[in-house]
Asker: 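Below are the structure tokens for one structure; questions will follow.
Values in this document were obtained by computation on a predicted structure and should not be read as measured data.
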Amino acid sequence: MHEQHEKLEQILASLEQPDNTSLQDQIRQWMDASAENRAYYEEVKRIWFTGNEPGDMEYDIEMEKKRFFNRVDGEAPVAPIKKINWFPKIAVAAILLIAAGIALWKGMFTGADSFKSIQTARLERDSIVLADGSKVFLHGSSRLRYTVRMNGPQREVWLEKGEAFLISPKTQHIHLLCTSTVL
């Protein structure tokens, strides 16, 4: 058995070092000596090259030799060590962190506290002055929601229910705002 392992070492060395001409000549002479030697070489070569494809994953040559000897001797195979590719996991974590940061940032500037609502009772009338100086007059049974601060040149006003008049400070135009909801 020891002699067979030495020959295996020599065959494996020839497979690992195809440029070593003296080793290749020794193996060729040994294979030419008998058909049994040639068949043994072909079987060793077949077993050695089955499994991982070249470049498929990095592997430890000593570990692969042990695994190979175990397969030849009929023992249970040794499981190869798999390397974990951390890049996709780190990329996903970074994307989630960025998304959470953006959501938090947007929540700070467009949260529920940046809107105000005003509602009038059935026969009540009320008015409010918006951030840009516009005045809104609400009729009875009306509900208006508006932004506390102006974002750029536009104001955001939502008449959710009822009727209102809006007077622009620059043009002094009166706009009638009505909802289509019938009560």
Asker: Does a side-chain heavy-atom distance below 4.5 Å link Phe137 with Ile167?
Answerer: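 Yes, close enough: below the 4.5 Å cut-off.
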
Asker: Heavy-atom distance under 4.5 Å between the side chains of Trp158 and Leu144, does that happen here?
Answerer: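 The answer is no, as the side chains (C-beta and beyond) never meet within the 4.5 Å cut-off.
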
Asker: Leu159 and Arg143: which non-hydrogen atoms are nearest, and at how many Å?
Answerer: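 In this case the closest contact between Leu159 and Arg143 is CD1-O, 3.5 Å.
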
Asker: Quick one: sort the Trp30 and Tyr40 rings into parallel, tilted or perpendicular, breaks at 30° and 60°.
Answerer: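 Perpendicular: the ring planes of Trp30 and Tyr40 meet at over 60°.
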
Asker: How many angstroms lie between atom CG of Leu138 and atom CD1 of Ile128, to the nearest 0.5 angstrom?
Answerer: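 Going from the CG atom of Leu138 to the CD1 atom of Ile128 covers 8.0 Å.
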
Asker: Can you tell me how far apart CG (Asp25) and OG (Ser14) are? Round to the nearest 0.5 Å.
Answerer: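 Here the rounded value is 11.0 Å.
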
Asker: Using the rule given for side-chain contact (heavy atoms from CB on, under 4.5 Å), can you reason through Arg38 versus Asp32, listing the C-alpha separation, both sets of side-chain angles and the distance that settles it, and then say yes or no?
Answerer: CA-CA 7 Å; Arg38 179 169 294 284; Asp32 291 341; 3.2 Å; yes

Asker: Less than 4.5 Å apart, any side-chain heavy atom of Gln10 and any of Leu23?
Answerer: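 A side-chain contact under 4.5 Å exists here.
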
Asker: Could you check whether Thr21 and Asp19, counting side-chain N and O atoms only, form a donor-acceptor pair closer than 3.5 Å?
Answerer: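 Checked: Asp19/Thr21 side chains show no N/O donor-acceptor pair below 3.5 Å.
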
Asker: Does Glu124 reach the main-chain N or O of Ala121 with its side chain, forming a donor-acceptor pair under 3.5 Å?
Answerer: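 Between the backbone of Ala121 and the side chain of Glu124 there is a qualifying donor-acceptor contact (under 3.5 Å).
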
Asker: Side-chain contact, heavy-atom cut-off 4.5 Å: Tyr146 with Lys116?
Answerer: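 Yes, at least one pair of side-chain atoms sits under 4.5 Å.
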
Asker: Looking at residues at least two apart in the chain, or sitting in another chain, which of them share a side chain to side chain contact (heavy atoms under 4.5 Å, CB included) with Ser117?
Answerer: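 Arg145.
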
Asker: With a 3.5 Å distance limit and no angle check, can you tell me whether Thr120 reaches the backbone of His139 through a side-chain donor-acceptor pair?
Answerer: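 Yes, the answer is positive, given that a donor and an acceptor are paired below the 3.5 Å cut-off.
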
Asker: Find the distance between CE (Met31) and CD (Gln29) and round it off to the nearest 0.5 Å.
Answerer: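 Those atoms lie 10.5 Å apart.
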
Asker: Look up atom CD1 in Ile11 and atom CD in Glu16, then write down how far apart they are to the nearest 0.5 Å.
Answerer: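 Between Ile11 CD1 and Glu16 CD, I get 12.0 Å after rounding to 0.5 Å.
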
Asker: I want to check something: taking the side chain as every heavy atom from C-beta on, are Ile27 and Tyr41 in contact at a cut-off of under 4.5 Å?
Answerer: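 Yes, their side chains come closer than 4.5 Å.
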
Asker: Any side-chain donor paired with an acceptor under 3.5 Å for Ser34 and Asn37?
Answerer: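 The answer is yes; a qualifying pair exists.
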
Asker: Between Gln119 and Lys161, is there a side-chain heavy-atom distance shorter than 4.5 Å?
Answerer: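 Result yes, sub-4.5 Å side-chain heavy-atom pair found.
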
Asker: Starting at CD1 of Ile90, measure out to CD1 of Ile95 and round the result to the nearest 0.5 Å.
Answerer: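 So the CD1 of Ile90 and the CD1 of Ile95 are separated by 12.5 Å.
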
Asker: Measuring from atom CG of Asp126 to atom OG of Ser142, what distance do you get when rounded to the nearest 0.5 angstrom?
Answerer: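 Going from the CG atom of Asp126 to the OG atom of Ser142 covers 10.0 Å.
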
